[in-house]
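Have a look at the structure below, then the notes.
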Amino acid sequence: MKIATYNVNGVNGRLPVLLRWLEQARPDVVALQELKAPDDKFPIGAIRKLGYDAVWHGQSRWNGVALLSRVGAIHETRRGLPGDPDDTHSRYIEAAINGVLFGGLYLPNGNPRPGPKFDYKLRWFERLTAHAQGLIDSGLPVVLLGDFNVMPTEKDVYKPERWLDDALFAPEVRAAWFRLVDQGWTDALRTLHPDETIYTFWDYFRNAFARNAGLRIDHFLLSPSISGRLRAAEVDREPRSWEKTSDHAPVWIELADDPPGT
DNA sequence: ATGCCTACTCATAGTAGA
């Protein structure tokens, strides 16, 4: 099963890029972030034409997450994280597909730091970690995927010293990342490529993509009961070079089929 | 040190992104 995550930075503005990539890459399950569209503006017709079903949680102007599948029915289990009934952001959607539970997420950016947006990021991270503990405890095969807006280590930033005070790389945020991962999650890309420079985002400024001045902020976390099925994990850099493209690249993993009789 | 670029909208300027 090929699973991908892609922060599209506007699902309608980037629709030609998204459709071209879906046709080319043919992932079985996809998590999208930053739809920047309300529910009734999600381009479900164009996505269905390519053979995908979808569930989505949109929002006008900002945020918005979706899960797509072309390999089986999508059984939505949750939209929004528990723990704050006043949270209006559309940042989490969860569904069972093909025997695996997928949590598609768009963690808050958190800049500027310090400030209320940074506080919200840390609170959201804590709510994610609390929910993730329940997923671990369930023993189910779970994949948490999406834009986590955190570079876990210095290896994941083109120029770490410039990012120390930024909400994506601040010590509190990296500590929150490792509190989550240390529950037993496997960071799929880093596990298969322990020493490689891997970036998933390049900003639009200063020709960042051509200079490879990037960040690794889009991640896959695998629960213990599914991590043994990991076969490949890669960044699909090509779509980042296309016209009118997102500032993120799609990232994908390949999981071996569930062994029969288990 | 700042802004660069890009998308979105109760749009034509302000907000957010990272």
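Keep in mind it's a predicted model, so treat the numbers as computed, not measured. Proteins come first, then strands; the chains are lettered A, B, ... in the order of their sequence lines, and each starts at number 1.
Taking for each of A:M151 and A:T245 the nucleotide of DNA chain B with the nearest heavy atom, the 5'-most of the two is the partner of A:T245. Remark on DNA chain B: of its neighbouring residues A:G10 and A:W62, the 5'-side contact belongs to A:G10, judged by nearest-heavy-atom nucleotide.
A sub-4.0 Å separation between OP1 or OP2 of B:dA7 and a side-chain N or O of A:K244 is present. Within the structure, every side-chain polar atom (N or O) of A:Y120 is placed at least 4.0 Å from both OP1 and OP2 of B:dA16. One finds a side-chain N or O of A:N7 lying less than 4.0 angstrom from the OP1 or OP2 phosphate oxygen of B:dA18. Remark: A:R14 is in phosphate contact with B:dA7, judged by side-chain N or O atoms under 4.0 Å from OP1 or OP2. Regarding contacts with the backbone of B:dA16, a side-chain N or O of A:K117 is found under 4.0 angstrom from either OP1 or OP2. In this structure, A:N149 reaches the B:dA18 phosphate: one of its side-chain N or O atoms is under 4.0 Å from OP1 or OP2. OP1 or OP2 of B:dG17 has not a single side-chain nitrogen or oxygen of A:H248 nearer than 4.0 Å.
The existence of a salt bridge linking A:R48 and A:D53 is confirmed by a sub-4.0 Å separation between a basic side-chain nitrogen and an acidic carboxylate oxygen. Between A:R190 and A:D156, at least one side-chain nitrogen of the basic residue sits less than 4.0 Å from a carboxylate oxygen of the acidic one, meeting the salt-bridge criterion.
Checked against the 6.0 Å centroid threshold, A:H131 and A:Y92 count as a close aromatic pair.
The side chain of A:N111 lies closest to B:dA18, out of B:dT9, B:dA18, B:dC5. The listed nucleotides are B:dC10, B:dA7, B:dC4; the one nearest the side chain of A:R206 is B:dC4. Side-chain proximity of A:F201 to the nucleotides B:dC4, B:dA18, B:dG17 is greatest for B:dA18. Of all nucleotides listed (B:dT9, B:dC5, B:dC8), B:dC5 comes nearest to the side chain of A:F205. Side-chain proximity of A:D147 to the nucleotides B:dA7, B:dA18, B:dC5 is greatest for B:dA18.
Cation-pi geometry between A:R113 and A:F118 is met: under 6.0 angstrom from the ring centre, within 45 degrees of the axis.
In the hydrophobic clustering of this structure, A:V142 groups with A:V181; members are Ile, Leu, Val, Met, Phe, Trp, Tyr whose side-chain heavy atoms approach within less than 4.5 Å, directly or through other members.
Rounded to whole Å, the distance from OH on A:Y204 to C1' on B:dG3 is 17 Å. Taking atom NZ of A:K36 as the reference point, atom P of B:dG17 lies 9 Å away to the nearest angstrom. Rounding to whole angstrom units, CZ of residue A:R211 and P of B:dC4 are separated by 15 Å. Distance CD (A:Q33) to C1' (B:dC8): 18 Å, rounded to an integer number of Å. Between the CZ atom of A:R162 and the P atom of B:dC4 there is a distance of 16 Å, rounded to whole Å. Atom-to-atom, CZ of A:F209 to C1' of B:dC4 comes out at 18 Å; the value is rounded to the nearest Å. Between A:L35 atom CG and B:dT6 atom P there is a gap of 21 Å when expressed in whole angstrom units. Look at CG on A:D203: it is 14 Å from C1' on B:dA16, rounded to the nearest Å.
Between B:dG14 and B:dC4, the distance separating the two P atoms is 15 Å to the nearest Å. Using atom C1' as the reference point in both B:dT6 and B:dA18, the two lie 12 Å apart (nearest Å). Between B:dA16 and B:dG3, the distance separating the two C1' atoms is 15 Å to the nearest Å. B:dT12 and B:dT2 are spaced 28 Å apart, taking the P atom of each and rounding to whole Å.
At most 12 heavy atoms of other shown residues, nucleotides or ligands fall within 6.0 angstrom of atom CZ in A:R162.
A donor-acceptor contact under 3.5 Å is formed by the side chain of A:N109 with the base of B:dA18.
Using the six-membered ring where Trp is involved, A:W177 and A:H219 have ring planes that are tilted, between 30° and 60° apart.
A:F169 comes within 4.0 angstrom of nothing in the nucleic acid, heavy atoms only.
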